[in-house]
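Since we're looking at a predicted model, the values are computed, not measured.
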Amino acid sequence: MSYHGFFQKLPRGVSMATASKSFDNYLSGTLLELTGAKREEALCDWEKGQYARVSHPREEHLIPLMVVAGAAKDEQATRIFHTGEKSGLVVSAYQFGE
């Protein structure tokens with residue numbers, strides 16, 4: 001899931017919707033547009049995504065995604081779940097392979 005910071009303190013003036021949308025966009029771009037070594041490099045630098053630590057306060061929340069992405073190698077990711085912006089919290093889930 002692209003957001004796991006439900007109890008994280010938000011920066012002043014930033015809503016949960018803004019933080020979740022921003023990091024979801026970053027993660028979606030990484031997973032849907034990149035494959036192989038480029039995706040691996042971007043996932044290693046996940047903290048560069050805006051509001052990364054708000055969305056995932058601890059890195060172990062992303063470990064399952066990183067393991068699966070590494071095993072997928074050059075397989076393209078597919079977004080299989082997306083809440084959209086109307087829910088107030090933007091969350092996506094991804095799948096690799098068929």
Side-chain angles (χ1 to χ4, degrees):
M1 299 298 260
S2 60
Y3 191 83
H4 202 267
F6 300 103
F7 303 107
Q8 185 69 11
K9 185 176 179 179
L10 297 167
R12 182 176 219 104
V14 176
S15 69
M16 192 182 294
T18 298
S20 65
K21 179 183 176 185
S22 178
F23 190 68
D24 185 83
N25 286 342
Y26 174 81
L27 198 57
S28 289
T30 298
L31 296 173
L32 301 176
E33 296 172 18
L34 303 176
T35 58
K38 288 186 179 196
R39 181 173 60 210
E40 181 180 335
E41 183 179 332
L43 285 174
C44 286
D45 291 334
W46 70 275
E47 288 181 289
K48 290 182 179 179
Q50 189 174 27
Y51 304 118
R53 283 289 180 180
V54 171
S55 299
H56 286 276
R58 299 187 334 232
E59 49 275 341
E60 73 263 16
H61 296 156
L62 285 172
I63 295 298
L65 171 66
M66 293 181 181
V67 168
V68 172
K73 297 189 182 193
D74 289 327
E75 289 183 34
Q76 189 68 44
T78 303
R79 183 165 43 192
I80 58 169
F81 175 79
H82 182 71
T83 59
E85 295 178 39
K86 292 182 181 179
S87 69
L89 181 68
V90 180
V91 178
S92 295
Y94 307 89
Q95 161 181 316
F96 296 87
E98 296 178 31

Side chain to side chain, T35 and E75, heavy atoms closer than 4.5 Å: no
Same apolar cluster: M66 and L31, side chain cutoff 4.5 Å: yes
In chain order, what residues pass the side-chain contact (heavy atoms from CB on, under 4.5 Å) check against [X], with sequence neighbours excluded?
| X | answer |
| --- | --- |
| E60 | R58, I63 |
| N25 | K21 |
| S28 | D24, L32, R79, S92, Y94 |
| T83 | F81, S87, V90, V91 |

Inter- and intrachain pairs under ring-ring contact (aromatic ring centres under 6.0 Å, His included), touching residues 28-49, at least two apart: none
Partner set under side-chain hydrogen bond (donor to acceptor under 3.5 Å, both in side chains) for E33, not counting sequence neighbours: none
side-chain hydrogen bond (donor to acceptor under 3.5 Å, both in side chains) involving T78 - partner list, sequence neighbours excluded: none
CG-CD distance between D45 and E40, expressed to the nearest 0.5 angstrom: 10.5 Å
Rounded distance [0.5 Å steps], CG in L89 versus OG in S55: 9.0 Å
Residues forming a ring pair (Phe, Tyr, Trp, His ring centres under 6.0 Å) with F96, sequence neighbours excluded: none
Which atom pair, heavy atoms only, marks the closest approach of [X] to [Y]?
| X | Y | value |
| --- | --- | --- |
| Q76 | L34 | NE2-O, 4.4 Å |
| Y51 | A19 | CD1-CA, 3.7 Å |
| Q95 | G97 | NE2-O, 3.5 Å |
| A72 | R39 | CB-NH2, 4.0 Å |

Residues that E59 engages under salt bridge (Lys or Arg N to Asp or Glu O under 4.0 Å), provided they are two or more places apart: R53
